[in-house]
Visitor: 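Handing you this structure, nothing more for now.
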Amino acid sequence: MAYSDKVIDHYTHPRNVGTLDKSKSNVGTGLVGAPECGDVMRLQIEVDANNVITDAKFKTFGCGSAIASSSLATEWLKGKNIDDAMKIDNMDIVEELSLPPVKIHCSVLAEDAIKAAINDYRVKNGMEVLEVAKVHH
Amino acid sequence: MDPRVLDAMLPYFNSKFGNAASRNHPFGWVAEEAVDYAREQVAKLIGANEKEIIFTSGATESDNLAIKGVFEMYKDKGNHIITCTTEHKAVLDTCKHLEKLGARVTYLQVQEDGLIDLKLLEASITSETILVTIMYGNNEIGVIQPVRAIADLAHKHGALFFTDATQAVGKIPVNVINDGIDLMAFSAHKMYGPKGVGALYVRRKNPRVKVTAQMDGGGHERGMRSGTLNVPGIVGFGKACELCRLEMDEEATRLSALRDKLQASLLQLEESYVNGNPAHRLPHVANISFKYVEGEGLMMAMKDLAVSSGSACTSASLEPSYVLKSLGLSDDLAHSSIRFGLGRFTTEEEVDFAIAQTKQAVTHLRDLSPLWEMFKEGIDLDKVEWVEH
Ligand SMILES: Cc1ncc(COP(=O)(O)O)c(C=O)c1O
Ligand code: FES
């Protein structure tokens, strides 16, 4: 498997690795995937009073492409308001990281994690849960 | 490939080129002599007679020829074949193919350490059993089966014993007489020879074993495998066998010492485990699980090493290794496993480098792993409700 330079860069120097306090009301946590499937991604966002994401952290158990997808996602999330963040599409990640077809599901996982984190934050703050439009499998 | 093998092969690509079966062509003689000589070299490594060696395109073809050939040849005697779940796909898929043609196949579960349960094997044999096919050494975990005991059980009940010895021949002493083998597949490229050439050993006495040809045509290889021979490949195969015969003992001692060093160092990492029986194992293989780290991600950090992953994300199938699952490993542990393979050209410096690189990568990836964090916090991962995607 040949990895793109960007995947290698994120894999070797992952951005925003870490853990936010998930009990805080302004932190949203998305935990997706399963150990049996060989990939688990946890993505967390910290959101300010204007619904702008001020911090994002991740931890991922998975292949290099999954690690890179989640690392990239944290970079993109910071500074976005949660409505714009909801619009991040897995194909944007595929394009940015030049992922081959067999690695598309790694980017899908990242998109799922973003949406799960935002929805977690929304529920905590009395907002309705947004439908995750795509059905991926 | 060993450079000495390449040297032996090179002349047969041009000046000495000839068709090994064209008996009245002077170049043909040279080629035929070369093939005869290689056949002796191959036979000698495994304690066989040269008339018992059928050259093929590799172990996959040998596996097919042995299993399909015996099934066809002995179908009046019975239709039952016994194999096990950790076999190479070339054996498993051949058996599945024969099931469609009326064979009954028993796929024995192996024990947790990868070894065959001999009692279970004997209990599975019936009067219809014509063939027991169990590999010599496993390609993923290196476990060596009790071949002689398996052969004795097969013979006691009138069945033939075939073994895929692709991983064992040239690495450890394999002797078809002492081991009671009736048919045996092996391949040149696993012994520092060229790719695309292999052999099937077919016993000629006590008893005389026959297989139905799967490749019909000009009647080459005593009718068992038609087709013009790949002379340079066969010459290289012969040379590779000779080198293994002369150097195998020393090489096995050296490699098992290096493997043990690698394994002992890596087991210093928390939550790491060896897969497969550590005593009955090929000298050059170690399969280790590093819990909470995904194998493919780990492999990416070890691009300079001869490693492969039990995780499947490497293939399109997303299924973890069936061999590791056969040992009873959970899917997540199978996803966290790496096969280390050492070889003739592996140096101690490279092993030290591999140890350092692996340790660093496992530590790096555990820092990134949500599962490692949960484990450290004492969370039972089996009780978490995962959202599969
Ligand atoms: C146990 C076993 N059987 C069969 C094969 C297939 O061998 P070949 O590539 O020569 O067909 C391999 C190869 O890797 C193997 O390890
Ligand atoms: S996480 Fe499965 S291939 Fe990337």
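Chain naming here is simple, since letters A, B, ... match the order of the sequence lines and numbering starts at 1 in each. All values below come from the heavy atoms of this structure, side chains included, with hydrogens, waters and symmetry mates left out.
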Visitor: Looking at side-chain heavy atoms only, is the closest gap between A:Leu31 and B:Met374 below 4.5 Å?
Guide: yes

Visitor: Of the listed residues (B:Gly297, B:Ala361, B:Ser330), which shares the most heavy-atom pairs with chain A below a 4.5 Å separation?
Guide: B:Gly297

Visitor: Would you please go through residues 46-60 of chain A and name the residues with a non-hydrogen atom below 4.5 Å from one of chain B, in numerical order?
Guide: A:Phe58, A:Lys59, A:Thr60

Visitor: Within a reach of under 6.0 Å around NZ of B:Lys195, are more than 12 heavy atoms found that belong to other residues, nucleotides or ligands?
Guide: no

Visitor: B:Leu371, B:Leu368, B:Asp332, B:Leu365: which one forms the most heavy-atom pairs within less than 4.5 Å of chain A?
Guide: B:Leu368

Visitor: Using a 4.5 Å cut-off on heavy atoms from C-beta on, say whether the side chain of A:Cys63 contacts that of B:Glu294.
Guide: yes

Visitor: Chain B heavy atoms under 4.5 Å from A:Ile67: which part of the residue, side chain, backbone, both or neither?
Guide: side chain

Visitor: Counting neighbours of NZ on A:Lys22 that are heavy atoms of other residues, nucleotides or ligands and sit closer than 6.0 Å, is the number greater than 12?
Guide: no

Visitor: Between B:His364 and A:Tyr11 (side chain of the first, backbone of the second, donor and acceptor by atom type, cut-off under 3.5 Å), is there such a pair?
Guide: yes

Visitor: Around A:Asp83, counting heavy atoms of other residues, nucleotides and ligands shown, do more than 12 lie under 6.0 Å from its CG?
Guide: yes

Visitor: If I measure from the heavy atoms of chain B, does A:Val17 come under 4.5 Å with its side chain, its backbone, both, or neither?
Guide: side chain

Visitor: Can you tell me which of A:Pro101, A:Ala116, A:Pro14, A:Pro35 forms the most heavy-atom pairs within a distance under 4.5 Å of chain B?
Guide: A:Pro35

Visitor: What part of A:Ser71 is in contact with chain B, defined as an atom under 4.5 angstrom from a non-hydrogen atom: side chain, backbone, both or neither?
Guide: neither

Visitor: Is atom CD of B:Glu99 surrounded by more than 12 heavy atoms (other residues, nucleotides or ligands) closer than 6.0 Å?
Guide: yes

Visitor: Taking all heavy atoms of B:Pro370 and all of A:Val40, pick out the closest pair and write down the distance.
Guide: CG-O, 3.8 Å

Visitor: Would one find more than 12 heavy atoms of other residues, nucleotides or ligands at under 6.0 Å from atom CD of A:Glu75?
Guide: yes

Visitor: May I ask you to decide if A:Phe61's main-chain N or O and B:Tyr292's side chain share a donor-acceptor pair within less than 3.5 Å?
Guide: no

